[in-house]
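Just below is one structure, and these are the notes that go with it.
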Amino acid sequence: MKANQSKSGSRKAPAAAAKAAKPAAPEKRKSALVAAPAQPLKKDKLIRDSFTLPREDFELIATLKDRALDFKRPTKKSELLRAGLQVLASLDQTKLRTALEALRPLKAGRPKNKP
């Protein structure tokens, strides 16, 4: 005899028990929703931009990416830029000025494509 069948062979009793068990499932879901944090995580608004770099700086990015791979941390160009901004932000005024003055000036605007 099957475990879910009653002795009389009727299958109505387990079906009635299954119907009685169904309302309990939505109650569990409601309690799970109540347990969720009240405030959803705020996503950062991402802004896309483009800029021009001299070849030496572009090669420096590749070198830094390789260095990050040495300690098994694949890194994107944008991550390097963000890390660099954090380091620059931590400098005092004199060191920031020195770092900015060490840069070679670039022409503003897009470079012209030569055929």
Side-chain angles (χ1 to χ4, degrees):
M1 186 179 309
K2 293 182 182 176
N4 64 353
Q5 268 186 334
S6 66
K7 290 183 180 181
S8 64
S10 172
R11 294 185 182 187
K12 290 183 181 180
K19 286 182 183 178
K22 283 187 179 181
E27 289 174 16
K28 286 184 180 180
R29 288 184 199 145
K30 287 180 184 177
S31 63
L33 293 176
V34 173
Q39 295 178 350
L41 296 175
K42 185 177 180 182
K43 290 187 177 182
D44 291 334
K45 180 168 174 101
L46 302 178
I47 300 171
R48 188 156 177 84
D49 199 356
S50 64
F51 49 88
T52 304
L53 293 175
R55 182 174 302 279
E56 299 85 33
D57 290 346
F58 196 77
E59 291 169 354
L60 183 58
I61 290 173
T63 301
L64 291 169
K65 287 176 74 170
D66 288 342
R67 285 180 58 189
L69 283 176
D70 287 344
F71 52 87
K72 295 178 177 52
R73 171 57 162 89
T75 305
K76 299 175 184 175
K77 287 184 273 186
S78 62
E79 291 176 316
L80 288 172
L81 179 62
R82 292 172 55 214
L85 289 172
Q86 296 299 316
V87 171
L88 287 172
S90 70
L91 298 178
D92 62 30
Q93 288 297 97
T94 307
K95 290 181 181 179
L96 177 61
R97 181 181 203 156
T98 303
L100 291 174
E101 289 177 351
L103 294 174
R104 182 174 53 126
L106 300 177
K107 286 184 180 179
R110 293 181 173 262
K112 294 181 181 177
N113 291 333
K114 295 181 182 179

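FYI, side chains are in, hydrogens and waters are out, and symmetry mates aren't considered; it's all heavy atoms of this structure.
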Indicate if [X] and [Y] have the same hydrophobic cluster label, given that clusters are the connected sets of ILVMFWY residues with side-chain heavy-atom separations under 4.5 angstrom.
X    : Y    : result
L53  : L106 : no
L103 : L88  : yes
L80  : L69  : no
L91  : L100 : yes

Exercise. Is E79 paired with R73 through a side-chain N to carboxylate O contact shorter than 4.0 Å?
Worked result: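 E79 and R73: salt-bridged.
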Exercise. Nearest 0.5 Å, what's the OG-CG distance between S78 and D49?
Worked result: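 Those atoms lie 12.5 Å apart.
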Exercise. Counting heavy atoms not belonging to E56, are there more than 12 under 6.0 Å from its CD?
Worked result: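 Counting other residues, nucleotides and ligands, CD of E56 exceeds 12 neighbours.
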Exercise. Which heavy atom of T75 sits nearest a heavy atom of K65, and at what distance?
Worked result: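 Closest approach of T75 to K65, heavy atoms only: O-CE, 3.1 Å.
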Exercise. Considering only heavy atoms from C-beta outward, does the side chain of L81 approach that of F51 to under 4.5 Å?
Worked result: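 Yes, close enough: below the 4.5 Å cut-off.
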Exercise. Quick check: does any side chain N or O of D44 sit under 3.5 Å from a backbone N or O of L46, one acting as donor and the other as acceptor?
Worked result: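 Absent.
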